[in-house]
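Taking it in order: structure first as structure tokens, then the write-up.
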Amino acid sequence: MSAGGAHPALGYRELGAPGAPPRPPLLALASSDFDLEPQLAGLEHRFRVLLLAAPRRANPRRFGLPSLTGDWYLGDDEAPDPLGFGLCLEQLERFVVDDAAGLGPGARPLLLGAGQGAALALALACCWPERLAGVVAIAAALPPLPEGMLAERPLAGLPISLAPASSAVEDRARAARAAAALRARGARVRELEPGSIEQALADLACGARC
Amino acid sequence: MSDSAGSRISRRAFLRAAGIGAGGAALAQAAPLTAAAAFGGGSKPDAEADVWVVGTGAAGWAAAIFAREAGASVELLEKGAFAGGTTRKSGGVYWVPNNPVMRAHGMQDPRDDALRYMARLAYPDLYSPEAPHLGLDAKSYALLETFYDRGAPVIDRLQQLGVMESTFWPAWDGRPWTDYHADLPENRAPRGRGILPQRADGSAGDGADLIQAFRRAAEARGIPLRLRHAARRLIVDDSGQVVGLEVATPERTLRLRARKGVVFCTGGFAHNPRLVRGFLRGVTWGSCEVPTNEGDFVAIAGGVGARLANMKSAAWKQVVLEQVLAFSSIPNGVSSIPGDSSLLVNRDGVRVVDEKLNYNQRSQVHFDWDASANLYRNQFLFMLYDQRTADLFAGVEPLPPRGAVAPEILTAPTLAELGPAIDARLAALETHIPRFRLAPGFAAALERTVARFNGFARSGVDLDFHRGESIHEPDFHGPRREGNDLPNPMLFPLAEGGPYHAVILAAGTYGTRGGPEIDTSARVISVWDQPIPGLYGAGNCIASPAGGGYFGGGSQLGPGIVFGAIAGEHAARQPARPAA
């Protein structure tokens, strides 16, 4: 199924040697505050790991940032720029549903996101639960999406792991809000301790579905 | 592009949530409302303040803070869902002549020379060094004088008020960044006019830091901020004084009374296709401006007789065509053409510009019109590079980080195969762009172009475009790269073997610079050549005091902050108008 006419513009880097042997796909979405690359080291033996490039990966005054971290959209966690968020979500939809990276027909990748990348991963899960194997979201807020934007698709037991950014009350509260909203949609949510990214990744690495 | 078959993402819903389209409504409703209709007959205003400031880019915050410091009650209105406007995603540089950071470092920036430098760039068609006002009309010249005279004190005051410290914009070698026309004889202060907010750790900040500093200062002064409040039209009394404005929120329409004035700092019109196509002097594809920049002030001020000027001008930036097609407010422009062995060619396979020029100059080559052929030959240009440049300059926009795959990068094993790859991509994009193909002789011409370019690389002298000779170019290029021991660090022969890469570039903007004219007090001027009482403007929503000139990095934020401050202060010092 094609996700429509939005022009594909998401870049990515594959960690480890591309190609064989076949492994389940893992798409990682970092953000300017969370560079996931160090935590991903070693996972390429278990997964086909693609690190997606945040569209705004460099401050315009800086040159030659080596990593793929950066901003996906503008605005605050509680008030993101809706259009920027929506356009990135559209790109992510194209990437997964139109199989931009050749994951294979009908592939159901795991999404691992942090910060803005996690918010996008959760939003995509709400749109296309049947095309994902699960989501691990670190420091995520479930952004206030436009009314009627997302089709009311039951998440039907989709495994989602959520880790707050820190043990601060507001961070935990935000993760708890996201967890409640996702449970209400039928997701199988697991709440992780802050800093337990390693735990989430270990779960992924051993193939556990949360 | 959106809401198409198979997609579950509704772009329309996001557009609505972003408040996009209110500009269209404003165009239809720009005729002002009378004070009697708005506030008379028992209709009370929904809110009152001495000064309302519309827009939350740098100019808006400066206006609000200076108005508050001058004793006025102030409120800020923002059309979008978040505060900060395009400033927030910018590099955050503000270009201010003779600024306090320069002075602290003992750098001289004499007034007479600075004015000549600015006048020559702002109005190259008028500049005459011996003529009165340097050949400019008296009002335009007075705006440049005001910018020089008031600029440094405004930056000083921001520091004294504890809003922010400023620091030099550092180049890669640690020196202050160079003005983009440092070679002109009028430029006696080629470094240091571009400055940045300084972070607590002493490092140079960016546009997000600038907004954060302003926002904290405004909060400390009790200046309220209302998000999702889009200005629709002005409210004027019988004498023509602006006494308020009508704004639309997602829920309702509000009528706000201004006892002293209304300051507009609502950004450019890059996301209003009618204004872009109708006024900008070149064909552009996309903008870095935030999507709410729909030129609302053009219609709103037009409704009370404001005189428009400088509508052809913008801050120009090359953009990656395929990013423009994906993101309405493009994430990055192409600040520099990275690489020593990279070159830009047009559809004929020939170079057309010094690739190392700053973005604002370089981008304008897209506008060249071939009168004989009736053709914008450079409407799209092609950046070509080899694997050496891909590796050594990886991550410098538009080159992807090392090892990354980017859909907009075309790759071919030989130079001869790159042309067909470009043509195929142009054909694939034809649902979004006009028909544009490489000329039939592209391959042969490219071979000659590369041979000539490689000769320049070996000799160190670019006889065609003098690449690497302008003083500012090393700042963008960065240090000499490994393996290049040739005379000119910005030139290296294109590799004899592939792979070769290409990316399609187009002209874009990162700030349009036209709108209502202002005077030296930042009051909006009418078509009858009089200030419109109570109406002020600053930043990209007005006709830039810098005209068409781009003096150096920060030539939008510099005048924006300075005239924003002037506007806020002047408005605050007006007598409060009694309620009707």
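In what follows, every chain begins at residue 1, and chains take the letters A, B, ... in the order their sequences are listed. Note that the structure is a prediction, hence the values are computed from the model and not measured.
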Exercise. Does Arg175(B) CZ have over 12 foreign heavy atoms under 6.0 Å away?
Worked result: no
Exercise. If we only count heavy atoms from C-beta on, is the Leu83(A) to Ser328(B) side-chain gap below 4.5 Å?
Worked result: yes
For this session: Mind checking the CG-CD1 spacing from Leu87(A) to Ile330(B)? Nearest 0.5 Å is all I need.
Result: 12.5 Å
Exercise. Considering only heavy atoms, which portion of Val290(B) lies under 4.5 Å from any heavy atom of chain A: side chain, backbone, both, or neither?
Worked result: side chain
Exercise. Which bit of Leu429(B) comes within less than 4.5 Å of chain A, counting heavy atoms only: side chain, backbone, both or neither?
Worked result: side chain
Exercise. Do you know which two heavy atoms are closest between Gly86(A) and Ile9(B), and how far apart they sit?
Worked result: O-CG2, 4.0 Å
Problem set entry | Closest contact, heavy atoms only, Phe327(B) versus Ala9(A) | CE1-CB, 4.0 Å
Seminar exercise, completed: Closest non-hydrogen contact found for Ala81(B) with Pro80(A) is CB-O, 3.9 Å
Problem set entry | Spacing of CZ belonging to Phe14(B) relative to OH belonging to Tyr73(A), to within rounding of 0.5 Å | 10.5 Å
Exercise. Parallel, tilted or perpendicular: which fits the ring planes of His7(A) and His432(B), with parallel below 30° and perpendicular above 60°?
Worked result: perpendicular
Exercise. Cys127(A) and Arg8(B): which non-hydrogen atoms are nearest, and at how many Å?
Worked result: O-NH1, 2.8 Å
Exercise. Under 3.5 Å, side chain of Arg13(A) to main-chain N/O of Gly403(B), donor-acceptor pair present?
Worked result: no
Exercise. For Ser7(B) and Glu90(A), does a side-chain donor sit closer than 3.5 Å to a side-chain acceptor?
Worked result: no
